[in-house]
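Below is one structure, written out as structure tokens; comments come after it.
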Amino acid sequence: MENENGPEKSEQGKEDKDGVTMLDVLQDEQELEEDANAVLGAADDQNCTYDEGYLARQPLYACLTCTQPENPDFKPAGICLACSYKCHERCELVELYTKRSFRCDCPTKKFSSDHKCKLKPGKVEENAKNSYSQNFSGVYCSCSRPYPDPEDPIEDEMIQCVICEDWYHGRHLGLGDTGPPQDTDYGEMICRGCARKYPLLINYKGVKIPESTNPSTTSSDPQSASTQTNHPCKLKPQETVEDDKAVDGKVDDDKKKDDSSAVDGEKSKDGEEPEESKAEAVSETLFLPEGWRSCICRCEKCVKYFKSNKIEFLLDEKDTVHHYESQGKKRAGQFEQGMEALSQMDRVQQVEAISMYNNMKTDLMGYLASFAREGKVVKEEDIRKFFSDMKSAKRPRLDLPPPDSCK
């Protein structure tokens, strides 16, 4: 039998679908905010970080307006989060995600004399210890293309190398048809170029993290790691660290044949070395599990290898992007703050807040629709004007006569 209330319920369902509750708003914002906090949460958005020196890790931006790659006198430069807001707010910026051991260039002579850092007056000398990759020119990967690439019709994820910190298309990592593993199946990636440059690292391919390993009890200080010289090397044979050329990141072909690893617990029989050498595949991309750094050998010769090649940051588990992101995510977001605020409201206040939000959403959608119809770009001042007008509309009119009910 047909339900007489069917159409009515349908209309009610439509209203429910079109309506938005405050909880819906907070939950929708939570995921986006967590992603933003992962990159920006631990950064200072009010003060230039120049005076803090070379930070272990921070989000950076390249300004293609103030430093133009096509200019013959181009000097790559990176700016901190606060300077991207205060000093380059109207510039074309390239988001570089996070970089290690970098000092903000905004107040330095990297920029022309016409540019003045608003957060740190005056001009200082260039940061000699900063390093700049092609990313600071707005291009990435071995293909040296921008991201997103307007000329590339193929959708492809970008993965950052933990050593060179460049970003690579999954299809440009030499993985064939298999492609990269799922994000949840690895913690860090080392690109082919860096694996070739530092062949010792190939020993950690397929490393298994012991269940007994507790990252919180593992030393994350490279300095303290360098003092752990009272245990034998985990890598067998040790030619890759004993040979002088290995310290420079190079291994002779005859040495490569003997290069193998006992990191995963595999041992040769009767004292003989394994027949297959992992170092023979030094040109392949490495996908390493979360926590693999705790398995890095910290004997005297291995530590010397890492320091001589200036990759000792791999000995520091706090250097990982995962650790940096976890610090940012600790900040209370709008969801937590919103839920706390809602919990302090009575029922009437909650209904009023939700009603005001729904009205604001309707007005904003109507306001933006006019830009869409006219093909106009929405600018920051347009959004500011909308909220300014909305606040003005909420203010009581003091020039109106009192209502008739007043005596």
Is D185 reaching over with its side chain to a backbone N or O of P181, donor-acceptor style, under 3.5 angstrom?
no

Are E188 and T320 close enough, and set up right, to give a side chain to side chain donor-acceptor pair (under 3.5 Å), and what steps lead you there?
CA-CA 8 Å; E188 294 183 306; T320 64; 5.2 Å; no

Please report the shortest heavy-atom distance between Y54 and S101, naming the atom on each side.
CD2-O, 3.8 Å

Kindly give the heavy-atom pair with the smallest separation between G170 and L175, and that separation in Å.
O-CD1, 4.1 Å

Side-chain contact test, heavy atoms from C-beta onward, threshold under 4.5 Å: evaluate it for L368 versus I383 and give yes or no.
yes

Excluding sequence neighbours, so at least two apart, what forms side chain to side chain contact (heavy atoms under 4.5 Å, CB included) with I296?
Y204, W292, R293, R298, F306, L314, L315

Is it true that, when you exclude K385 itself, more than 12 heavy atoms of the residues, nucleotides or ligands shown sit nearer than 6.0 Å to its NZ?
no

Determine yes or no for a side-chain-to-main-chain donor-acceptor pair under 3.5 angstrom, with N127 supplying the side chain and K129 the backbone.
no

With a 4.5 Å cut-off on side-chain heavy atoms, are I79 and L60 touching?
no

Hey, is R384 close enough to D389 for a salt bridge, meaning N to O under 4.0 Å?
no

N71 (side chain) donor-acceptor with D73 (main chain) under 3.5 angstrom:
yes

Can a salt bridge be assigned to the pair K109 and E125 using a cut-off of 4.0 Å between side-chain N and carboxylate O?
yes

Output the distance between atom SG (C80) and atom OH (Y50), rounded to the nearest 0.5 Å.
12.5 Å

Decide, yes or no, whether a salt bridge links R57 with E165 under the criterion of side-chain N to carboxylate O below 4.0 Å.
yes

Can you see which heavy atom on E157 is nearest to which on P180, and at what distance?
OE2-CG, 3.4 Å

Any donor-acceptor pair under 3.5 Å linking the side chain of N130 with the backbone of R103?
yes

Is any side-chain heavy atom of T98 closer than 4.5 Å to a side-chain heavy atom of Y324?
yes

Where do C191 and C161 come nearest, in terms of heavy atoms and distance?
N-SG, 3.4 Å

Only one of D44, D45, T49 passes side chain to side chain donor-acceptor pair (under 3.5 Å) with N47; say which it is.
D44

Report, as yes or no, whether the 6.0 Å neighbourhood of atom CD on E70 holds more than 12 heavy atoms from other residues, nucleotides or ligands.
yes

Pairs satisfying ring pair (Phe, Tyr, Trp, His ring centres under 6.0 Å), at least one member in residues 112-131, at least two apart:
H88-H115, F111-H115

Donor-acceptor contact below 3.5 Å, side chain T65 vs main chain E92
yes

Contact between P289 and Y186 at the side-chain level, heavy atoms closer than 4.5 Å - yes or no?
no

With no hydrogens and no angle check, is any side-chain donor or acceptor of D152 less than 3.5 Å from a backbone partner on D149?
no

Side chain to side chain donor-acceptor pair (under 3.5 Å) with K75: which residues, sequence neighbours excluded?
E126

Do side-chain atoms of N135 reach the backbone of L96 as a donor and acceptor pair under 3.5 angstrom?
no

Starting from the C-alpha separation in whole Å, work towards a yes-or-no answer on side-chain contact (heavy atoms from CB on, under 4.5 Å) for C91 and C66.
CA-CA 8 Å; C91 296; C66 299; 3.9 Å; yes

Looking only at heavy atoms, the pair that brings C48 and A82 closest together is N-CB, 4.1 Å

Show, in sequence, the C-alpha distance, side-chain angles and deciding distance for L173 and M189, and conclude whether the side-chain contact (heavy atoms from CB on, under 4.5 Å) test is met.
CA-CA 10 Å; L173 290 172; M189 183 272 286; 4.1 Å; yes

For the atom pair OG1 (T285) and CZ (R196), what is the distance rounded to the nearest 0.5 Å?
9.5 Å

Note, R100 side chain near V162 side chain (heavy atom, < 4.5 Å):
yes

Does K120 pair with D51 as a salt bridge, N-O distance under 4.0 Å?
yes

With a 4.5 Å heavy-atom cut-off, do Q134 and S144 have their side chains touching?
yes

For Y305, does its backbone N or O pair with a side-chain atom of S308 as donor and acceptor, under 3.5 Å?
no

After noting the C-alpha distance and the side-chain angles of F313 and I163, does the key distance pass the side-chain contact (heavy atoms from CB on, under 4.5 Å) rule?
CA-CA 9 Å; F313 52 80; I163 296 181; 4.3 Å; yes

With the side chain counted from C-beta on, respond yes when P76 and K110 share a heavy-atom pair under 4.5 Å apart, and no when they do not.
yes

Are the side chains of T67 and F136 in contact, using a 4.5 Å heavy-atom criterion?
no

For K205 and E284, run salt bridge (charged side-chain N to carboxylate O under 4.0 Å, His left out): C-alpha distance rounded to whole Å, both residues' side-chain angles, the deciding distance at 0.1 Å, then the answer.
CA-CA 10 Å; K205 177 186 176 183; E284 68 175 293; 3.1 Å; yes

Run the numbers on Y132 and D105 for side chain to side chain donor-acceptor pair (under 3.5 Å), then give the verdict.
CA-CA 11 Å; Y132 306 90; D105 285 323; 2.8 Å; yes

For Y140 and M158, which heavy atoms make the closest approach, and how far apart are they?
CB-CE, 3.7 Å

Check ion pair E151-R145 (N to O, under 4.0 angstrom)
yes

Just by distance, with hydrogens left out, do S294 and E317 show a side-chain donor and acceptor under 3.5 Å apart?
no

Could you give me the CA-CA distance, side-chain angles and deciding distance for D156 and Y147, then say whether side-chain contact (heavy atoms from CB on, under 4.5 Å) is met?
CA-CA 10 Å; D156 196 357; Y147 183 83; over 6 Å; no

Strictly distance-based, threshold 3.5 Å: is any side-chain N or O of K123 a donor or acceptor partner for the main-chain N or O of S112?
yes

Starting at OH of Y198, measure out to CG of N309 and round the result to the nearest 0.5 Å.
6.0 Å

